Protein chains: 2
Amino acid sequence: MSLATIQCCAPIAREPLSEGDAAELATLLKAVADPVRLRLLSMIGSHTGGEACVCDLTDAFELTAPTISHHLKVLRTAGLIDGERRGTWVYYRIVPETVNKLGALFAPLAEPATV
Amino acid sequence: MSLATIQCCAPIAREPLSEGDAAELATLLKAVADPVRLRLLSMIGSHTGGEACVCDLTDAFELTAPTISHHLKVLRTAGLIDGERRGTWVYYRIVPETVNKLGALFAPLAEPATV
DNA sequence: GCTCTAATTTGACATACATCTAAGCCTCTT
DNA sequence: AAGAGGCTTAGATGTATGTCAAATTAGAGC
């Protein structure tokens, strides 16, 4: 790691995003830019075993099952979660690699060391 | 820092977000969940001196000045950038604290150490 | 096979949003 | 003070999106 990598700002502020990268990242960000989907994501990720049943998620909101299902589909299409049917129920879990993409985009490259 | 903080997942996956926190974060994320605004943010942040003139930004897109102005306003309202008029031109710069909020939300709490 | 529950899909609707044109405001220059 | 350039605001319009009700698929158990 060179000194050049030590600076104050996130990767998004290091160099201009290409049009293509921006479009791809915007799609990912749109998926999480909703209060219900943020809560779904955090509920799935923090649930025991790292996975949650749709039934648990639906009960936690004052929304209909189709609406929750819609939001889960948006998250799954974006690659943020992955679903699996086991018997009667469907379980979702987080895809950490995709979440990390967002973390990398906004994470500061270094702490404000001595300053 | 205790051992408990060393785990695989981002803070969003640590515990369920409250309704209020989710709403606040969603507002912030909506501001960046647009390809034009992502590029604006990265162009401003990576520009020499950490600030960019609106004129530079407008020329970089095939969009009208009012549209760019609108996007800048969205970013500014979200607290992601801050603008200042100096003479004829208006300069924008990034507000790192706000960007860091997003970084903190999605950043893994620890590297996949030995695994 | 039939029924019940879990979850998704479809279609409709109201709202939110990205974009443009036209108009207005601020600053510098002449 | 009058004009010109830079930027924002206001209003209009087409598209995208969040939500629900109704219909559909899938599995479990009787």
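As a basis for the values below, the full set of heavy atoms in this structure was taken, side chains included, without hydrogen atoms, waters or symmetry mates. From a predicted model like this one, the values you see are computed outputs, not experimental measurements. A, B, ... follow the sequence lines: proteins, then strands. Residue 1 opens every chain.
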Verdict with reasoning, B:Thr98 to B:Ile81, per side chain to side chain contact (heavy atoms under 4.5 Å, CB included): CA-CA 9 Å; B:Thr98 311; B:Ile81 60 174; over 6 Å; no

Nucleic acid contacts of residues 16-26 of chain B, taken as heavy-atom distances under 4.0 Å to DNA chain C: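 Per residue number, the list is empty: none.
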
Sugar-phosphate, base or nothing in reach of A:Arg37, heavy atoms under 4.0 Å: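 Answer is sugar-phosphate: A:Arg37 comes under 4.0 Å of backbone atoms only.
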
4.5 Å side-chain heavy-atom contact, A:Ile12 and B:Val32: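 When only atoms from C-beta onward are counted, B:Val32 and A:Ile12 do not touch, as no gap falls below 4.5 Å.
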
Output side-chain donor-acceptor pairs under 3.5 Å for residues 53-66 of chain B, partner residues at least two apart or in another chain, one line each.
residue: B:Thr58; atom: OG1; partner: B:Val54; partner atom: O; Å: 3.0
residue: B:Thr64; atom: OG1; partner: B:Thr67; partner atom: OG1; Å: 3.1

To the nearest 0.5 angstrom, please state how far the [atom1] atom of [X] sits from the [atom2] atom of [Y].
{"X": "B:His70", "Y": "B:Leu72", "atom1": "NE2", "atom2": "CG", "value": "10.0 Å"}
{"X": "A:Asn100", "Y": "A:Leu105", "atom1": "CG", "atom2": "CG", "value": "12.5 Å"}
{"X": "B:Glu24", "Y": "B:Leu17", "atom1": "CD", "atom2": "CG", "value": "10.5 Å"}

Which heavy atom of [X] sits nearest to which heavy atom of [Y], and what is that distance?
{"X": "A:Ile44", "Y": "A:Ala52", "value": "CA-CB, 4.1 Å"}
{"X": "A:Ser42", "Y": "B:Pro16", "value": "OG-CA, 3.4 Å"}
{"X": "A:Pro35", "Y": "B:Ala22", "value": "O-CB, 3.6 Å"}

Expected output: side-chain A:Arg37 to main-chain A:Lys30 donor-acceptor under 3.5 Å: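 Yes, because the side chain of A:Arg37 sits within donor-acceptor range (under 3.5 Å) of the backbone of A:Lys30.
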
In one Ile/Leu/Val/Met/Phe/Trp/Tyr side-chain cluster, 4.5 Å: B:Val95, B:Leu28: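 Different hydrophobic clusters.
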
Same apolar cluster: B:Val74 and B:Leu40, side chain cutoff 4.5 Å: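 No, it is not one cluster - the side chains of B:Val74 and B:Leu40 are not joined through contacts under 4.5 Å.
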
[X] has an atom [atom1]; how far is it from atom [atom2] of [N], in whole Å?
{"X": "A:Leu75", "N": "D:dT17", "atom1": "CG", "atom2": "C1'", "answer": "14 Å"}
{"X": "A:Glu62", "N": "D:dG18", "atom1": "CD", "atom2": "P", "answer": "19 Å"}
{"X": "B:Lys30", "N": "D:dA16", "atom1": "NZ", "atom2": "P", "answer": "16 Å"}

Side chains of residues 87-94 of chain B: which donor-acceptor pairs under 3.5 Å do they make with residues two or more places apart or in other chains?
residue: B:Tyr92; atom: OH; partner: B:Arg76; partner atom: NH1; Å: 3.2
residue: B:Arg93; atom: NH2; partner: B:Glu51; partner atom: OE1; Å: 3.0

Any A:Thr67 side-chain nitrogen or oxygen under 4.0 Å from OP1 or OP2 of D:dG18: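 Checking D:dG18 against A:Thr67, no side-chain N or O comes under 4.0 Å of OP1 or OP2.
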
Start and end of the DNA chain C segment that chain A contacts, any atom under 4.0 Å from a heavy atom: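 Contacts span C:dA6 to C:dT9, reading 5' to 3'.
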
Degree of bending in the helix from C:dG1-D:dC30 to C:dT30-D:dA1 once both end axes are built from five pairs, to 10°: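 That helix has its two terminal axes inclined by roughly 20°.
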
Table of protein N/O atoms under 3.5 Å from nucleotides 6-15 of chain D N/O atoms:
residue: D:dC7; atom: OP1; partner: B:Cys55; partner atom: N; Å: 3.4
residue: D:dC7; atom: OP2; partner: B:Cys55; partner atom: N; Å: 3.0
residue: D:dT8; atom: OP1; partner: B:Tyr92; partner atom: OH; Å: 2.7
residue: D:dT8; atom: OP2; partner: B:Ser69; partner atom: OG; Å: 2.7
residue: D:dT8; atom: O5'; partner: B:Ser69; partner atom: OG; Å: 3.1

